[in-house]
Amino acid sequence: MRLKIRWKPYFSDTEYGMVGEIKAFSVVCHGSSFTLDPRLPDAKGVTLPSEEFREVDAAKVRADVLLEGFLKAFLADTRQAEPTAVGAGKEAS
């Protein structure tokens, strides 16, 4: 699955990385550096840590990588759960 991040400006120093209607990332400008704040959890459910970049484009490339990793982990768990859920439903009927 390939989703794109749409970057929307917010205030003069912040952009939100939207995936659909979800704020998945924010990038905040601090003069000569940029902070990427992921809002997606890792496989353990913990929000990923902020990262610093010298260029906004580098932060956005990193956000793409993090989104791809999140989707792979999410879909892997979904595929593992599917047969069990289908089997459990049939047994209950």
Side-chain angles (χ1 to χ4, degrees):
M1 173 180 278
R2 180 76 175 131
L3 296 176
K4 289 190 74 152
I5 301 171
R6 280 187 354 250
W7 292 96
K8 298 175 90 174
Y10 188 77
F11 292 123
S12 60
D13 64 346
T14 304
E15 287 184 69
Y16 286 130
M18 306 294 292
V19 178
E21 295 299 316
I22 305 296
K23 291 178 186 172
F25 301 94
S26 61
V27 173
V28 180
C29 177
H30 302 285
S32 62
S33 69
F34 298 88
T35 301
L36 173 66
D37 291 311
R39 296 169 181 236
L40 300 173
D42 64 10
K44 295 179 181 178
V46 178
T47 304
L48 298 168
S50 299
E51 297 181 41
E52 297 291 323
F53 296 88
R54 290 186 177 173
E55 298 177 356
V56 70
D57 290 338
K60 291 178 179 181
V61 167
R62 178 67 176 146
D64 286 330
V65 170
L66 293 174
L67 177 61
E68 186 176 325
F70 170 80
L71 290 173
K72 282 181 182 176
F74 178 78
L75 292 174
D77 290 342
T78 302
R79 286 187 207 114
Q80 289 176 357
E82 217 169 20
T84 306
V86 171
K90 289 180 182 178
E91 291 171 10
S93 349

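We use all heavy atoms of the structure for the numbers below, so side chains are in, but hydrogens, waters and symmetry mates are not. None of these values were measured; they are calculated from a predicted model.
With sequence neighbours excluded, the residues forming a ring pair (Phe, Tyr, Trp, His ring centres under 6.0 Å) with Tyr10 are Tyr16, listed by chain and number. Not a single salt bridge (Lys or Arg N to Asp or Glu O under 4.0 Å) links Glu55 to another residue, sequence neighbours left out. Checked against salt bridge (Lys or Arg N to Asp or Glu O under 4.0 Å), Glu51 has the following partners two or more places apart in sequence or in another chain: Arg62.
Cluster annotation: Phe70 and Met18 are assigned to distinct hydrophobic clusters (Ile/Leu/Val/Met/Phe/Trp/Tyr, side-chain heavy-atom contacts under 4.5 Å, transitive).
Here salt bridge (charged side-chain N to carboxylate O under 4.0 Å, His left out) pairs that include residues 11-21, with residues two or more places apart or in two chains, are Glu15-Lys60.
Residues Leu67 and Leu3 come closest through the heavy atom pair CD2-O, 3.8 Å.
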For residues 22-45, please give each side-chain donor-acceptor pair under 3.5 Å, one per line with the distance, not counting sequence neighbours.
{"from": "His30", "atom 1": "NE2", "to": "Thr35", "atom 2": "OG1", "distance (Å)": "2.9"}
{"from": "Thr35", "atom 1": "OG1", "to": "Glu52", "atom 2": "OE1", "distance (Å)": "3.1"}
{"from": "Thr35", "atom 1": "OG1", "to": "Glu52", "atom 2": "OE2", "distance (Å)": "2.6"}
{"from": "Asp37", "atom 1": "OD1", "to": "Ser50", "atom 2": "OG", "distance (Å)": "2.2"}
{"from": "Asp42", "atom 1": "OD1", "to": "Lys44", "atom 2": "N", "distance (Å)": "2.9"}
{"from": "Asp42", "atom 1": "OD1", "to": "Gly45", "atom 2": "N", "distance (Å)": "3.1"}
{"from": "Asp42", "atom 1": "OD1", "to": "Val46", "atom 2": "N", "distance (Å)": "3.0"}

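Atom CH2 of residue Trp7 and atom OG1 of residue Thr14 lie 11.0 Å apart, to the nearest 0.5 angstrom.
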